[in-house]
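Presented below is the structure to which this report refers.
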There are 2 protein chains.
Amino acid sequence: MKSNVEKPSVSYLLIHICKARMNRTNKMLGAHGLYAGQDVLLYFLGQEDGQTVSSLAEKVSIRQATMVRMIDRLAAGGFVRKVKDNEDRRISRIFLTKRGKTAADAAVSVWKELERKATAGISPEEKETLRGTLGNILKNLQ
Amino acid sequence: MKSNVEKPSVSYLLIHICKARMNRTNKMLGAHGLYAGQDVLLYFLGQEDGQTVSSLAEKVSIRQATMVRMIDRLAAGGFVRKVKDNEDRRISRIFLTKRGKTAADAAVSVWKELERKATAGISPEEKETLRGTLGNILKNLQ
DNA sequence: AAATATTACTTAGTCGGCTAATTAATAGTG
DNA sequence: CACTATTAATTAGCCGACTAAGTAATATTT
């Protein structure tokens with residue numbers, strides 16, 4: 001975690017990459033009325049509509065409380081509908097609206113473009129090595 | 001950005017690594033009364049005391065507005081003192097308290113431990129390759 | 001010297017995260 | 001059947017991050 005004269009640590013690089021990526025994501029998603037974070041939710045809804053709050057929270061890897069608020073905001077923005085389940089009235093099921101579906105598609109485009117941009121000039125072999133190493137780091141931290 | 005059957009994208013790995021690292025950082029810093037983000041500020045103050053709000057914001061790579069609030073919270077927690085400059089009364093200068101100095105040292109320990117943990121089982125050569133590739137990705141995104 | 005920038009910081013409001021504590025509905029148990 | 005978990009969602013409150021708009025002090029310019 002430093003970058004003066006000494007070589008930047010892996011952590012330093014990772015943090016700044018994530019920050020830069022987040023900034024770009026926010027700007028690009030902003031054109032579609034979205035904030036970074038909401039994109040992932042819409043994507044998983046696109047994969048399977050009508051999921052529960054808790055199931056979505058788990059897939060997106062955030063807390064239920066965070067998910068609830070995110071859903072309410074997206075519902076207020078017309079991206080999503082929230083419907084109480086009749087079998088089990090504790091459960092709310094979330095559905096994509098037409099607008100939400102469009103936004104989900106846009107989000108995937110944004111991801112693809114950023115992945116392309118981020119890994120520009122990196123050979124397939126180097127990328128494969130990178131994926132391997134990053135996979136190990138992820139395991140180490142989880 | 002997906003991880004089903006297909007290989008996870010570089011972006012997916014980076015995002016989840018950062019998230020996992022952030023969670024660990026928060027837990028470890030919590031033991032010292034800190035939140036992730038504050039550590040970086042304290043570190044830079046440790047390098048040079050009495051810096052201005054804007055200078056700190058630039059070094060930490062966050063907006064001034066964010067820095068102001070962070071400083072005010074750290075001041076409320078007794079980690080830092082905020083003093084109006086007498087030469088130019090627009091400027092506030094930030095100083096580490098004894099408690100802040102201790103916390104800054106703790107933060108550096110946390111970073112080192114996490115860097116060690118994250119890169120465990122990764123050879124020096126692999127790490128060097130990784131740093132190179134990550135450096136290129138960072139450039140691509142900035 | 002007075003009007004006009006510019007600079008440094010501040011405030012208000014929005015988001016995504018988190019934890020902890022509540023509420024409401026269902027499932028289980030004595 | 002009534003009492004007690006457990007589960008699903010919600011609320012409140014705290015962080016870090018952002019933008020946009022505002023204030024106060026210093027510099028510039030006319």
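A, B, ... follow the sequence lines: proteins, then strands. Residue 1 opens every chain.
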*From D:dT10, C:dG16, C:dC9, pick the nucleotide closest to the side chain of B:Val53?*
C:dC9
_What I want to find out is whether A:Asp85 reaches A:Arg90 closely enough, with some N-O distance under 4.0 Å, to be called a salt bridge._
no
_Separation of D:dA17 C1' from B:Met67 CE (nearest whole Å)_ = 12 Å
_Atom-pair distance (CE on B:Met22; P on D:dC15), nearest Å_ = 15 Å
*Just call it for A:Lys82: base, sugar-phosphate, or nothing, with non-hydrogen atoms closer than 4.0 Å on any strand.*
sugar-phosphate
*Using the closest heavy atom to pick a nucleotide of DNA chain C for each, name whichever of A:Gln38 or A:Arg89 lands nearer the 5' end.*
A:Gln38
_Rounded to whole Å, please give me the gap between CZ in B:Arg21 and P in C:dG17._
18 Å
*Whole-Å distance separating the CZ atom of B:Arg90 from the P atom of C:dA8*: 6 Å
_Distance in angstrom units between A:Arg69 CZ and C:dG13 C1', rounded_ = 13 Å
*Counting side-chain heavy atoms from CB outward, which of C:dA8, D:dG16, D:dA9 is closest to B:Ile91?*
C:dA8
_First of A:Asn23 and A:Asp72 reached from the 5' end of DNA chain D, by closest nucleotide_ = A:Asp72
*Base, sugar-phosphate, or nothing: which does A:Lys84 touch, judged by heavy atoms less than 4.0 Å apart?*
nothing
*Check every strand shown and say whether A:Ala65 touches a base, only sugar-phosphate, or nothing at a heavy-atom separation below 4.0 Å.*
base
*Scan A:Leu29, A:Thr25, A:Asn26, A:Leu41 and name whichever one has a side chain to side chain contact (heavy atoms under 4.5 Å, CB included) with A:Leu34.*
A:Leu29
_Under-4.0 Å salt bridge between A:Lys112 and A:Glu115_ = no
*Which atoms form the tightest heavy-atom contact between B:Val53 and B:Met67, and what is the distance?*
O-CG, 3.7 Å
*asked:* I'd like to know if the side chain of B:Lys59 pairs up with that of B:Gln47 as donor and acceptor (distance under 3.5 Å, no hydrogens or angles considered).
replied: no
*Taking only side-chain nitrogens and oxygens of B:Arg73, does any of them come within less than 4.0 Å of OP1 or OP2 of D:dG16?*
yes
*Would you classify A:Arg63 as touching base, sugar-phosphate or nothing, given that sugar-phosphate means primed atoms plus P, OP1 and OP2, and contacts are heavy atoms under 4.0 Å?*
base
*asked:* Within the 4.0 Å heavy-atom criterion, would you say A:Ser92 contacts the bases, only the backbone, or no part of the nucleic acid?
replied: sugar-phosphate
*Closest-nucleotide ordering on DNA chain D, the 5'-leading residue of A:Gln64 and A:Lys27*: A:Gln64
*Using atom CG of A:Leu34 as one end and atom P of C:dT14 as the other, report the distance to the nearest whole Å.*
18 Å
*Separation of B:Ile62 atom CD1 from D:dA17 atom P, in whole Å?*
5 Å
*Quickly work out the B:Asn26 CG to C:dG17 P distance and round it to whole Å.*
14 Å
_Counting the atoms with a prime plus P, OP1 and OP2 as sugar-phosphate, which does A:Met70 contact under 4.0 Å by heavy atoms, base, sugar-phosphate, or nothing?_
sugar-phosphate
*Under 6.0 Å between the ring centres of A:Tyr12 and B:Trp111?*
no
*For B:Ser54, report the nucleic acid contact type (base, sugar-phosphate, nothing); a contact means any heavy atom under 4.0 Å.*
sugar-phosphate
